[in-house]
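Notes to accompany the following structure.
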Amino acid sequence: YILIGLLYPLLTHADKYVMVATLSLISASYLIAIDRTFFVYNSLFVLGILIFLYRQQFVGKRFFVISSLITMMLCYVQRGGIEFSAGILFFFMILFCQFRHPIASFLGAISYSLYITHNVVGSSSEIILKRLVSFHETELGKLAMMMIYTAACIAFASLFYKYVESPFVRLARKVPS
(Lines give C-alpha, C1' and ligand atoms only; values in the text may rest on other atoms or scores of the structure.)
Protein backbone atom coordinates (compact mmCIF):
# COMPACT_ATOMS: atom_id res chain seq x y z
CA TYR A 1 0.00 0.00 0.00
CA ILE A 2 2.83 2.31 0.83
CA LEU A 3 4.55 1.28 -2.40
CA ILE A 4 1.61 2.46 -4.53
CA GLY A 5 1.55 5.75 -2.61
CA LEU A 6 5.27 6.22 -3.18
CA LEU A 7 4.93 5.39 -6.87
CA TYR A 8 1.93 7.68 -7.41
CA PRO A 9 4.04 10.67 -8.59
CA LEU A 10 5.72 8.40 -11.15
CA LEU A 11 2.41 6.89 -12.27
CA THR A 12 0.98 10.34 -12.93
CA HIS A 13 4.21 11.86 -14.30
CA ALA A 14 3.87 14.13 -17.34
CA ASP A 15 6.64 12.21 -19.12
CA LYS A 16 4.92 9.13 -20.57
CA TYR A 17 8.22 7.19 -20.55
CA VAL A 18 8.42 7.56 -16.76
CA MET A 19 4.81 6.37 -16.48
CA VAL A 20 5.42 3.38 -18.78
CA ALA A 21 8.61 2.45 -16.93
CA THR A 22 6.75 2.55 -13.59
CA LEU A 23 3.86 0.44 -14.89
CA SER A 24 6.36 -2.01 -16.40
CA LEU A 25 8.24 -2.25 -13.10
CA ILE A 26 5.02 -2.96 -11.21
CA SER A 27 4.00 -5.52 -13.83
CA ALA A 28 7.38 -7.29 -13.76
CA SER A 29 7.49 -7.39 -9.96
CA TYR A 30 5.45 -10.59 -9.93
CA LEU A 31 8.73 -12.35 -10.80
CA ILE A 32 9.87 -11.72 -7.20
CA ALA A 33 6.51 -12.63 -5.63
CA ILE A 34 6.61 -14.78 -2.53
CA ASP A 35 3.43 -16.58 -1.52
CA ARG A 36 0.34 -14.30 -1.29
CA THR A 37 1.85 -10.82 -1.42
CA PHE A 38 0.76 -7.80 -3.46
CA PHE A 39 3.20 -8.79 -6.18
CA VAL A 40 1.29 -12.01 -6.92
CA TYR A 41 -1.80 -9.95 -7.84
CA ASN A 42 -0.08 -6.97 -9.40
CA SER A 43 -1.51 -7.43 -12.91
CA LEU A 44 -4.98 -7.00 -11.41
CA PHE A 45 -3.76 -3.86 -9.61
CA VAL A 46 -2.25 -2.53 -12.83
CA LEU A 47 -5.62 -2.91 -14.59
CA GLY A 48 -7.18 -0.77 -11.86
CA ILE A 49 -4.36 1.75 -12.09
CA LEU A 50 -4.88 1.98 -15.86
CA ILE A 51 -8.58 2.73 -15.40
CA PHE A 52 -7.67 5.46 -12.90
CA LEU A 53 -5.07 6.97 -15.25
CA TYR A 54 -7.53 6.94 -18.14
CA ARG A 55 -10.45 8.40 -16.17
CA GLN A 56 -8.27 11.14 -14.70
CA GLN A 57 -6.98 11.89 -18.23
CA PHE A 58 -3.33 11.13 -17.45
CA VAL A 59 -3.33 8.83 -20.51
CA GLY A 60 -5.17 8.83 -23.80
CA LYS A 61 -7.48 6.19 -25.22
CA ARG A 62 -4.82 4.54 -27.40
CA PHE A 63 -2.33 4.19 -24.53
CA PHE A 64 -5.10 2.89 -22.28
CA VAL A 65 -6.32 0.25 -24.74
CA ILE A 66 -2.85 -1.03 -25.66
CA SER A 67 -1.62 -1.08 -22.05
CA SER A 68 -4.83 -2.78 -20.87
CA LEU A 69 -4.53 -5.51 -23.52
CA ILE A 70 -0.88 -6.16 -22.61
CA THR A 71 -1.76 -6.25 -18.92
CA MET A 72 -4.68 -8.60 -19.58
CA MET A 73 -2.34 -11.02 -21.34
CA LEU A 74 0.07 -10.80 -18.42
CA CYS A 75 -2.83 -11.36 -16.03
CA TYR A 76 -3.82 -14.54 -17.86
CA VAL A 77 -0.26 -15.89 -17.74
CA GLN A 78 0.27 -14.79 -14.15
CA ARG A 79 -3.08 -15.76 -12.54
CA GLY A 80 -4.66 -18.40 -14.81
CA GLY A 81 -8.10 -18.64 -16.38
CA ILE A 82 -10.45 -18.29 -13.42
CA GLU A 83 -8.79 -15.29 -11.75
CA PHE A 84 -8.16 -13.75 -15.17
CA SER A 85 -11.86 -14.08 -16.03
CA ALA A 86 -12.95 -12.56 -12.72
CA GLY A 87 -10.43 -9.74 -13.09
CA ILE A 88 -11.52 -8.94 -16.63
CA LEU A 89 -15.20 -9.05 -15.63
CA PHE A 90 -14.59 -6.51 -12.86
CA PHE A 91 -12.32 -4.43 -15.13
CA PHE A 92 -15.16 -3.98 -17.64
CA MET A 93 -17.78 -3.50 -14.92
CA ILE A 94 -15.72 -0.71 -13.37
CA LEU A 95 -14.99 0.78 -16.77
CA PHE A 96 -18.52 0.75 -18.19
CA CYS A 97 -21.07 0.36 -15.40
CA GLN A 98 -22.31 3.18 -13.24
CA PHE A 99 -23.37 2.02 -9.80
CA ARG A 100 -25.81 4.42 -8.18
CA HIS A 101 -27.07 2.59 -5.15
CA PRO A 102 -26.64 3.36 -1.43
CA ILE A 103 -25.09 -0.06 -0.77
CA ALA A 104 -22.63 0.37 -3.65
CA SER A 105 -21.79 3.89 -2.39
CA PHE A 106 -21.25 2.57 1.13
CA LEU A 107 -18.99 -0.25 -0.09
CA GLY A 108 -17.12 2.24 -2.27
CA ALA A 109 -16.57 4.53 0.70
CA ILE A 110 -15.17 1.75 2.89
CA SER A 111 -13.40 -0.09 0.06
CA TYR A 112 -9.85 0.87 1.04
CA SER A 113 -10.48 0.02 4.69
CA LEU A 114 -12.04 -3.26 3.61
CA TYR A 115 -9.11 -3.96 1.33
CA ILE A 116 -6.47 -3.46 4.00
CA THR A 117 -8.32 -5.25 6.82
CA HIS A 118 -10.19 -8.13 5.13
CA ASN A 119 -7.40 -10.68 5.31
CA VAL A 120 -6.79 -10.37 9.05
CA VAL A 121 -10.49 -10.06 9.96
CA GLY A 122 -11.62 -12.87 7.64
CA SER A 123 -8.87 -15.25 8.80
CA SER A 124 -9.49 -14.45 12.46
CA SER A 125 -13.24 -14.91 12.01
CA GLU A 126 -12.65 -18.27 10.40
CA ILE A 127 -10.37 -19.51 13.18
CA ILE A 128 -12.75 -18.38 15.93
CA LEU A 129 -15.92 -19.62 14.25
CA LYS A 130 -14.49 -23.06 13.42
CA ARG A 131 -13.66 -23.52 17.12
CA LEU A 132 -17.18 -22.56 18.19
CA VAL A 133 -19.30 -24.43 15.63
CA SER A 134 -18.86 -27.41 13.34
CA PHE A 135 -21.26 -26.65 10.51
CA HIS A 136 -18.34 -25.69 8.22
CA GLU A 137 -18.10 -29.33 7.22
CA THR A 138 -21.09 -29.15 4.83
CA GLU A 139 -21.39 -27.12 1.65
CA LEU A 140 -24.30 -25.13 3.08
CA GLY A 141 -22.34 -24.57 6.28
CA LYS A 142 -19.33 -23.33 4.31
CA LEU A 143 -21.57 -20.87 2.48
CA ALA A 144 -23.08 -19.65 5.77
CA MET A 145 -19.62 -19.20 7.27
CA MET A 146 -18.44 -17.29 4.21
CA MET A 147 -21.38 -14.94 4.64
CA ILE A 148 -20.49 -14.49 8.32
CA TYR A 149 -16.83 -13.77 7.42
CA THR A 150 -17.95 -11.26 4.81
CA ALA A 151 -20.27 -9.52 7.28
CA ALA A 152 -17.49 -9.41 9.87
CA CYS A 153 -15.09 -7.91 7.34
CA ILE A 154 -17.60 -5.25 6.27
CA ALA A 155 -18.48 -4.40 9.89
CA PHE A 156 -14.83 -4.07 10.89
CA ALA A 157 -13.99 -2.07 7.76
CA SER A 158 -16.86 0.31 8.55
CA LEU A 159 -15.44 0.97 12.00
CA PHE A 160 -11.91 1.24 10.62
CA TYR A 161 -13.12 3.73 8.01
CA LYS A 162 -14.95 5.84 10.58
CA TYR A 163 -12.31 5.86 13.32
CA VAL A 164 -9.01 5.48 11.43
CA GLU A 165 -9.16 6.19 7.71
CA SER A 166 -11.46 9.24 7.70
CA PRO A 167 -9.65 11.09 10.51
CA PHE A 168 -6.31 10.53 8.79
CA VAL A 169 -7.67 11.70 5.43
CA ARG A 170 -8.95 14.89 7.09
CA LEU A 171 -5.56 15.36 8.76
CA ALA A 172 -3.73 14.80 5.46
CA ARG A 173 -5.87 17.48 3.76
CA LYS A 174 -4.62 20.01 6.31
CA VAL A 175 -0.99 19.34 5.40
CA PRO A 176 0.26 21.87 2.83
CA SER A 177 1.30 20.25 -0.45
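The residues of the chain are indexed from 1 along the displayed sequence. Values in this document were obtained by computation on a predicted structure and should not be read as measured data. The figures here come from the full heavy-atom set of this structure, side chains too, leaving out hydrogens, waters and symmetry mates.
From Ile51, atom CD1 reaches atom CZ of Phe96 across 9.0 Å, with rounding to the nearest 0.5 Å. Atom SG of Cys97 sits about 10.5 Å away from atom CZ of Phe90, to the nearest 0.5 Å. Note that OH of Tyr112 is 8.0 Å distant from CZ of Phe160, once rounded to the nearest 0.5 Å. Atom SG in Cys153 sits 12.0 Å away from atom CD1 in Ile148 (nearest 0.5 Å). Between the CG atom in Leu44 and the CD1 atom in Ile88 there is a gap of 8.0 Å [rounded to 0.5 Å]. From Ser85, atom OG reaches atom CD of Glu83 across 10.0 Å, with rounding to the nearest 0.5 Å.
Between Ile66 and Arg62, some side-chain heavy-atom pair lies under the 4.5 Å cut-off. Under the 4.5 Å side-chain criterion, counting only non-hydrogen atoms from C-beta, Glu165 is not in contact with Ile110. Counting heavy atoms from C-beta on, the side chains of Leu10 and Leu25 never come closer than 4.5 Å. Phe84 is listed as a side-chain neighbour of Met72, based on a closest heavy-atom distance under 4.5 Å. Put simply, the side chain of Phe52 reaches to within 4.5 Å of the side chain of Phe58, judged on heavy atoms. With contacts defined as side-chain heavy-atom distances shorter than 4.5 Å, the pair Leu114/Phe156 does not qualify. Side-chain atoms of Ile154 and His118, non-hydrogen and from C-beta on, never get closer than 4.5 Å to each other.
Formation of a donor-acceptor pair under 3.5 Å by the Arg55 side chain with backbone atoms of Leu95 is found in this model. Put simply, the side chain of Thr71 gets close to the backbone of Ser67: a donor and an acceptor are under 3.5 Å apart.
Transitive grouping of hydrophobic side chains (ILVMFWY, heavy atoms separated by less than 4.5 Å) keeps Ile127 and Val133 in distinct clusters. Linking Ile, Leu, Val, Met, Phe, Trp and Tyr residues whenever their side-chain heavy atoms come within less than 4.5 Å places Val46 and Leu69 in a single cluster. Tyr115 is not connected to Val169 by any chain of hydrophobic side-chain contacts under 4.5 Å among Ile, Leu, Val, Met, Phe, Trp and Tyr, and they are in different clusters. Side-chain heavy atoms closer than 4.5 Å link hydrophobic residues (I, L, V, M, F, W, Y) into clusters, and following such links, even through other members, never connects Ile128 to Val120. In the hydrophobic clustering of ILVMFWY residues, with side-chain heavy atoms under 4.5 Å counting as a link, Tyr76 and Val65 come out together.
The hydrophobic cluster around Val77 extends to none of the other residues, as no ILVMFWY side-chain heavy atom falls under 4.5 Å of it. Through direct or indirect side-chain contacts shorter than 4.5 Å among Ile, Leu, Val, Met, Phe, Trp and Tyr, Tyr163 is connected to Leu159.
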Any chance you could lay out the side-chain contact (heavy atoms from CB on, under 4.5 Å) test for Ile26 and Leu11, step after step, and finish with the verdict? CA-CA 10 Å; Ile26 294 170; Leu11 289 167; 4.1 Å; yes

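Atom CE of Met93 has more than 12 heavy atoms from other residues, nucleotides or ligands within 6.0 Å. Atom NZ of Lys16 sits in a crowded spot, with more than 12 heavy atoms from other residues, nucleotides or ligands closer than 6.0 Å. The local environment of CD1 in Ile82 is sparse, with at most 12 non-hydrogen atoms from other residues, nucleotides or ligands closer than 6.0 Å. Counting heavy-atom neighbours within 6.0 Å of Leu89 CG, excluding the residue itself, gives a total above 12.
Here the closest non-hydrogen pair linking Ser43 and Arg79 is OG-CG, 4.2 Å. Of all heavy-atom pairs between Ala157 and Ser113, the closest is O-CB, 3.5 Å. The nearest pair of heavy atoms linking Met145 to Lys130 is CE-CG, 3.8 Å.
If you run side-chain contact (heavy atoms from CB on, under 4.5 Å) between Leu50 and each of Ile70, Val59, Leu23, only Leu23 comes through.
Sorted by first and then second residue, the salt bridge (charged side-chain N to carboxylate O under 4.0 Å, His left out) pairs with a member in residues 90-108 form an empty list; sequence neighbours excluded.
In this structure, Tyr54 and Phe64 have parallel ring planes: the angle between them is below the 30° cut-off, well short of the 60° mark.
Aromatic ring centres of Phe45 and Phe91 lie farther apart than the 6.0 Å criterion allows.
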